[in-house]
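Since the structure comes first, as C-alpha cells, the remarks are kept for the end.
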2 protein chains.
Amino acid sequence: MGISKIDKMHSLSKNQQIIFDLINKSPEPLKAYTILFNVQKKGIKAPLQVYRALDKLVEIGKIHKIESRNAFIACHNSSCQVAKATAFSICEICEKVTEISSAGLSKYLANFKDKDGMKYSKYNLEFFGLCKKCR
Amino acid sequence: MGISKIDKMHSLSKNQQIIFDLINKSPEPLKAYTILFNVQKKGIKAPLQVYRALDKLVEIGKIHKIESRNAFIACHNSSCQVAKATAFSICEICEKVTEISSAGLSKYLANFKDKDGMKYSKYNLEFFGLCKKCR
DNA sequence: CTTATAAATGTTATATTATTACATAGTGTT
DNA sequence: AACACTATGTAATAATATAACATTTATAAG
Ligand SMILES: [Zn+2]
Ligand SMILES: [Zn+2]
Ligand SMILES: [Zn+2]
Ligand SMILES: [Zn+2]
C-alpha cells in the first residue's frame, strides 16, 4: 500500500524532517539558534533554513511556538488538530513546558465570545507557575 | 493632603512616565524601538532605557506585553489588578488589540487546574480573529 | 543632616531573534 | 515540455533584547 493522502499532506521535506526530529526528541522547547547549531552537521547552515522549516511545521501543527519564550515544542496531541487552539503550562523556575490537553478548557475557550460578539478562529494560552519538582 | 501610600506605590520615575504616557495615548500596541524613536526628543537615547522602563511598567501592571507581537499596550482595567491574568483579542488583518475583561473568563482560568493539579500564579491568553471592521 | 540602601539613569557594546532579497533546484500536474 | 508550486542555498541586514559598568537620584534610618 502506498502513501495515503493524509500522509502526503503531512509528509515533511528534508529540512523539515531534520528539524522536526530534533524538536520532537527534545525534552524541552528549543530556540531557533539552538536548533541551527544542532543541525549544522546535517548541512543546515543558515538561520533562514531553520525559520522556514519552523514556519511550515507550525503551520501544519507538528510543532508549536511558545511565544513568551521564543521557543518551539513538538505537539503531543496526536499531531495537533488543535494547532489553532493551544495551551501550555510553564514552570517559572525550571522552564519545563507542558502542552495542556483539556477538553473542558478547549471547549470553554472555543466558545468564548467577547462583548462585541467577536468570534475567534484561534487562541494561545500560557499558564505560569511552579511545577511539581520546583514546588 | 500629601501623596497617599497607594499613589506612591504607583508613582512613576521620569523615564517610566514618559514612556507610559506615549503607550497610554497610543491607539495601538507599540514596539520597543518605535517607542525609542518617539522619545528621543525627550532625552531617552538608548534601547536599554526603554526596556528598563517597560520592564517596570509591566511589573506594576500599568502596561502589558502582547507576546505574539512583541509590543506593549496600556492596561485599561483600572491599572490592572490582573497584571498576572491577562487576555487579549487580536485582529489578524488590522492588528487591532483589545484587552478582554470578562469576569467569567478570569474566574474560569484562575481556577483552572491541569491533570497534575498544578496551580498557576499567572496566565496570558491571546485570541486571534477578525474584528468588526475587518469582517 | 549623615549614612546607608535601593532604585533609577546614562552610555557603550554586544547578544539574540527574525526577515529581505535573490538565485537555484526539486516536485507534481497537464 | 511547460507550468505552477514548494523547497533550498546563500549573503546581507533588520529587529528585538541584554550585559557590563559608571553615575546619579530617591528613600529610609539613625
Ligand atoms: Zn498541540
Ligand atoms: Zn519546575
Ligand atoms: Zn490589564
Ligand atoms: Zn481588524
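Side chains are part of it too, since the values below use all heavy atoms of this structure and drop only hydrogens, waters and symmetry mates. Reminder, nothing fancy here: chain letters follow the sequence lines and each chain counts from 1.
Between B/Tyr123 and A/Phe127, the ring planes are perpendicular. Angles over 60° get that label, and only those under 30° would be called parallel.
Taking atom CD on A/Glu59 and atom P on D/dT6, their separation rounds to 9 Å, with Å as the unit. B/Asp55 places its CG atom 10 Å from the C1' atom of D/dT18, with the value rounded to the nearest Å. One atom, CD1 of B/Ile44, and another, C1' of C/dA8, lie 12 Å apart when rounded to the nearest Å. One can place CD of A/Gln40 at 12 Å from P of D/dT10, the figure rounded to the nearest angstrom. In this structure, CG of A/Leu54 is placed 10 Å from P of C/dT19, rounded to the nearest angstrom. Between the NZ atom of B/Lys65 and the C1' atom of D/dT16 there is a distance of 8 Å, rounded to whole Å. Rounded to whole Å, the distance from CZ on B/Arg69 to P on D/dA15 is 17 Å. Rounded to whole angstrom, the span from the NZ atom of A/Lys45 across to the C1' atom of D/dT8 amounts to 12 Å.
Atom NZ of A/Lys42 sits in a sparse spot, with 12 or fewer heavy atoms from other residues, nucleotides or ligands closer than 6.0 Å.
OP1 or OP2 of D/dA7 lies within a sub-4.0 Å distance of a side-chain N or O belonging to A/Lys56. A close approach under 4.0 Å does occur between a side-chain nitrogen or oxygen of B/Asn70 and OP1 or OP2 of D/dA17.
Ranking D/dA17, D/dA7, C/dA18 by closeness to the B/Pro47 side chain, first place goes to D/dA17. You'll find that the side chain of A/Tyr33 is closest to C/dA18, out of C/dA18, C/dT19, D/dA7. Among C/dT9, D/dT8, C/dT17, the nucleotide with an atom closest to any side-chain atom of A/Gln49 is D/dT8. For A/Lys31, taking side-chain heavy atoms from C-beta onward, the closest of the listed nucleotides C/dT17, C/dT11, D/dT8 is C/dT17. Here C/dT11 is the nucleotide among D/dT16, C/dT11, D/dA7 with the atom lying nearest to any side-chain atom of B/Arg52. Counting only heavy atoms from C-beta on, A/Ser13 has its side chain closest to D/dT8 among C/dA8, D/dT8, D/dA17. Of the candidate nucleotides D/dT8, D/dT10, C/dG10, C/dG10 has the atom nearest to the side chain of B/Asn15.
A chain of hydrophobic side-chain contacts below 4.5 Å, direct or via other Ile, Leu, Val, Met, Phe, Trp or Tyr residues, connects A/Phe72 to A/Ile44.
A side-chain N or O of B/Glu126 and one of B/Asn124 form a donor-acceptor pair less than 3.5 Å apart. Side-chain contact check for B/Glu67 and A/Ser68: no donor-acceptor pair (N or O, by modelled atom type) lies under 3.5 Å.
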